[in-house]
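Remember, predicted model here, so these are calculated numbers, not experimental data. Each ligand, and each atom within it, is numbered from 1 in the order the structure gives.
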Amino acid sequence: MTSPIWHPFTQHGLGEPIPTVVRSEGAALFTRDGRRIVDAISSWWVTTHGHREPRIMAAIAAQAERLDQIIFAGWSHEPAEAVAAGLLRLMPPALTRVFFSDSGSTAVEVALKMALGYWLNRGEPRHRILVLEHGYHGDTIGTMSVGARGAFNRAYEPLLFDVATIPFPAAGAEQATLDALEAACRAAPAALIVEPLIVGAGGMLTYPSHVLAEMAAICARHAVLFIADEVMTGWGRTGTLLACEQAGVVPDILCLSKGLTGGAVPLAVTMAREPIYQAHYSDDRARMFFHSSSYTANPIACAAAAANIAIWEEEPVLAQVADLATRQAARLAALPGVRHPRALGTIAAVDLGRDGADYLSALGPKLLAFFRDRDLLLRPLGNTIYVMPPYCIDDAELDAIYAAIGEAAERFA
Ligand SMILES: *Cc1c(COP(=O)(O)O)cnc(C)c1O
């Protein structure tokens, strides 16, 4: 019998094989049929240090001996306190409040709700959200609403709320982005949400830090809340702990998830500046922040995050990230026959073929099978191939990835 599992972003009708993974270590996945797969995309952008990082695994095991899950409304626990204290040490000092949830999408939903709550509680209701073209913020109705519209969400479009889209700051067109943002800010929107420096699911497109800095400055001038979705870019992905750092930007609201636990277990936080918290702080229960999910701040997930924070504080993670960036850049530069090679920190991407970026490009499934046959976990976005490996990946594993991309470029040119 075939499996009853309905997999995410999978067209089961194509009959593609779905390997069963039984073990992971470092940058490798081991399948039930005995293959060793190189995880070139960090298991969908979550694994930062490497699979089964020993300190994180030990923290999970130790926490499982003490406390599993408790309600977080009106109750607290030590692992959550440790994560919050650690985030206050690591993240920009202006971000004084930590709200827990359990996925990147939820972190973004929380950010949007915080922004609207802030404005309503100040007595000047605002609800319009500004978004950046090609953005991706998750797959729930709210996060799809603030993300790019396309094949991903055509069926749900009637339910998505209206937003104002600022054009992507493509090379040479940066001023148009800033002008559009300035104009949109005059209509007193609630917030702008962006993926800082690089849009991920939208095609791994980068833009310069000075544009990010100017976008934040325009928002500040118009008192529009600036929400940084660092779900993908956070925890060293772009070469710094946060991508915003490279622009000297401190957001009003910050969304973190994927690498928060090193990628071991699900957890998310939305951090906010003090005025956003204070707008909800009152003796009036009607002004509290109305959001929770059952597993908010799960203690075992928090223990993993606390261990990740300890790794960041005690080990040379940024040096490892810089080293990976250098090793990847050399291989990227040597790739023949690819279009638009680009890199930011530990992320590298190229385009293949002639057609523009199109998620449902005919090339996609062929590339997927091509890499699967070579024991590589790569998952192109249409005809964009990107590499986003765990920071511990070694030279031989990188060589295997880039040799296969070179071969693919030749075959599918
Ligand atoms: C992955 C991602 C999300 C959604 O996170 P989930 O944990 O998959 O819900 C949101 N924003 C960005 C930028 C992402 O890359």
Side-chain angles (χ1 to χ4, degrees), residues 7-10 41-48 99-115 129-150 152-153 156 160 163 168 191-207 212 215 226-238 240-244 249 251 253-271 291 293-298 301 304-305 308 344-347 349 359 379-381 384 386-389:
H7 286 267
F9 274 73
T10 299
I41 61 163
S42 296
S43 284
W44 244 354
W45 321 348
V46 298
T47 311
T48 47
F99 190 92
F100 285 93
S101 62
D102 34 35
S103 72
S105 300
T106 324
V108 171
E109 296 277 1
V110 164
L112 298 173
K113 288 175 69 172
M114 280 179 179
I129 307 293
L130 309 182
V131 309
L132 197 59
E133 186 187 13
H134 305 311
Y136 175 81
H137 302 285
D139 284 334
T140 56
I141 297 291
T143 58
M144 282 191 296
S145 297
V146 294
R149 310 294 161 97
F152 292 134
N153 46 40
Y156 329 113
L160 305 187
V163 295
F168 183 79
L192 167 72
I193 181 165
V194 298
E195 295 164 86
L197 299 188
I198 179 167
V199 298
M204 299 296 163
L205 304 173
T206 60
Y207 61 94
L212 180 63
M215 289 197 294
F226 184 86
I227 304 173
D229 176 355
E230 294 240 20
V231 170
M232 179 186 84
T233 50
W235 304 103
R237 264 300 155 210
T238 68
T240 41
L241 175 61
L242 296 181
C244 279
V249 163
I253 304 179
L254 170 69
C255 304
L256 295 171
S257 184
K258 293 187 171 127
L260 171 58
T261 62
V265 283
L267 187 70
V269 295
T270 307
M271 296 185 72
H291 191 92
S293 47
S294 305
Y295 287 102
T296 291
N298 172 266
N308 174 50
L344 180 67
T346 68
I347 307 169
Y359 185 77
R379 204 183 146 89
L381 291 158
T384 296
Y386 68 89
V387 186
M388 194 189 300

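- Within the 4.0 Å heavy-atom cutoff, Glu230 does not count among the residues contacting ligand 1.
- Judged purely by atom type and a 3.5 angstrom limit, Glu195 has no side-chain atom pairing as donor or acceptor with the backbone of Thr233.
- Pairing each heavy atom of Lys258 with each of Trp44, the nearest pair is CE-O, 3.8 Å.
- Close approach of ligand 1 to Met232 (heavy-atom distance below 4.0 Å) involves ligand atoms 15 (O).
- Among protein heavy atoms, atom 1 (C) of ligand 1 sits closest to Lys258 NZ, 1.6 Å.
- With Ser101 contributing its side chain and Thr296 its backbone, the two residues share no donor-acceptor pair below 3.5 Å.
- Ligand-side atoms of ligand 1 in range of Ser103: 7 (O), 9 (O), range being under 4.0 angstrom from any heavy atom.
- Summary of contacts: the protein heavy atom closest to atom 8 (O) of ligand 1 is Ser105 OG, 4.5 Å.
- Annotation: side chain of Leu112 is in contact with side chain of Ile227 (closest heavy-atom distance under 4.5 Å).
- Residue, atom and distance of the protein heavy atom nearest to atom 11 (N) of ligand 1 are Asp229 OD2, 2.6 Å.
- Looking at atom 7 (O) of ligand 1, its nearest protein heavy atom turns out to be Gly104 N, 2.8 Å.
- At least one heavy atom of Trp45 lies less than 4.0 angstrom from ligand 1.
- Glu109 and Thr106 are not linked by any side-chain donor-acceptor pair at a separation below 3.5 angstrom, with hydrogens and angles left out of the test.
- Formation of a donor-acceptor pair under 3.5 Å by the Ser145 side chain with backbone atoms of Leu160 is not found in this model.
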